Every structure is written in C-alpha cells, then in structure tokens.
Amino acid sequence: MLRSLGQRPVTGRNDDPRVAELRAAVSRLRRQLAAHPAEFPDRAIAEDELAALAAMAAHGTPEIPRLRRSLLLVAGAIGSVSALGRGLAQVREAVERFVEPPRH
C-alpha cells in the first residue's frame, strides 16, 4: 500500500533501528574506502560487497547468512588496511545487531 504517489510503500522496514544503523555504517565505510588513496589487491571485492550490503539495507531487514558472508568478504578484503579499521568495526557491530533480538 502506498501512502501517496511518489512515496515509499508502508512496510515498517524503516522502524527497525538495526537497518538504519547498518545503512549508516556501510555508507561511512564506503566513503572512507572511496577517499582512501592507496590501491590494494582486493579493493574491488570490498567495494562490491559494501554495495551489496547497502542494497540489502535499502530493501528492509536483510538475511543474516548473507550479511555475515558479505561482512567476511569485506573484512578479508580490507582487514589489513588500518585506516579503515574503525569503519569496518562499525559495520561488523551493525551486522551483529541482527543476531540479537530487535530493541523496541
């Protein structure tokens, strides 16, 4: 059901703070990665998986196994880049919130 023409469907997906946290953490890490000057072998993998995480967050509550898989790929791709460590930790924390029951 649409509220009115041009607005998002009323699904309740925006009510889940975990989704908002994941979306924000992924967005920050994507910006940090884009601004990082050094090239490294698995940069494209990190970019692709961060895009996948962003897409999952944009479409509501993501599937936990897919979230974990993407997180592992991102961590493996950028884990040795210390400048991105804090952003990666924030994404990991956001993904881990999906294992816990949602807070109301």
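Fair warning: this is a prediction, and the values are worked out from it, not measured in the lab. These numbers come from the heavy atoms of this one structure, side chains and all, not from hydrogens, waters or symmetry mates. Along the sequence shown, residues are numbered consecutively beginning with 1.
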Discussion item. Checking I78 against D42 for the side-chain contact (heavy atoms from CB on, under 4.5 Å) test, could you report, in this order, the C-alpha distance in whole Å, the side-chain angles of both residues, the deciding distance, and whether it holds?
Written reply: CA-CA 7 Å; I78 66 173; D42 294 330; over 6 Å; no
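- Residues V95 and L73 do not share a hydrophobic cluster, clusters being chains of Ile/Leu/Val/Met/Phe/Trp/Tyr side chains in contact below 4.5 Å.
- The two atoms that bring M56 and P62 nearest to each other are CB-CB, 3.7 Å, heavy atoms only.
- Note: the hydrophobic cluster containing L50 also contains I64 (ILVMFWY, side chain heavy atoms under 4.5 Å, direct or indirect links).
- Within the 4.5 Å cutoff, the side chain of L22 has no heavy atoms near those of the R97 side chain.
- Contacts classified as salt bridge (Lys or Arg N to Asp or Glu O under 4.0 Å) and involving residues 71-94 (residues at least two apart or in different chains) are given here: R92-E96.
- Closest heavy-atom contact between V91 and A25: CG2-O, 3.5 Å.
- The minimum heavy-atom distance linking A77 with F40 is given by the pair O-CE1, 3.5 Å.
- Residues in residues 66-77 take part in these side-chain hydrogen bond (donor to acceptor under 3.5 Å, both in side chains) pairs, two or more places apart or across chains: E49-R66, E49-S70, R66-S70.
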Can I get a per-line list of side-chain donor-acceptor pairs under 3.5 Å for residues 27-39, giving both atom names and the distance, sequence neighbours left out?
{"residue": "S27", "atom": "OG", "partner": "R31", "partner atom": "NH1", "Å": "2.7"}
{"residue": "R28", "atom": "NE", "partner": "Q90", "partner atom": "OE1", "Å": "3.2"}

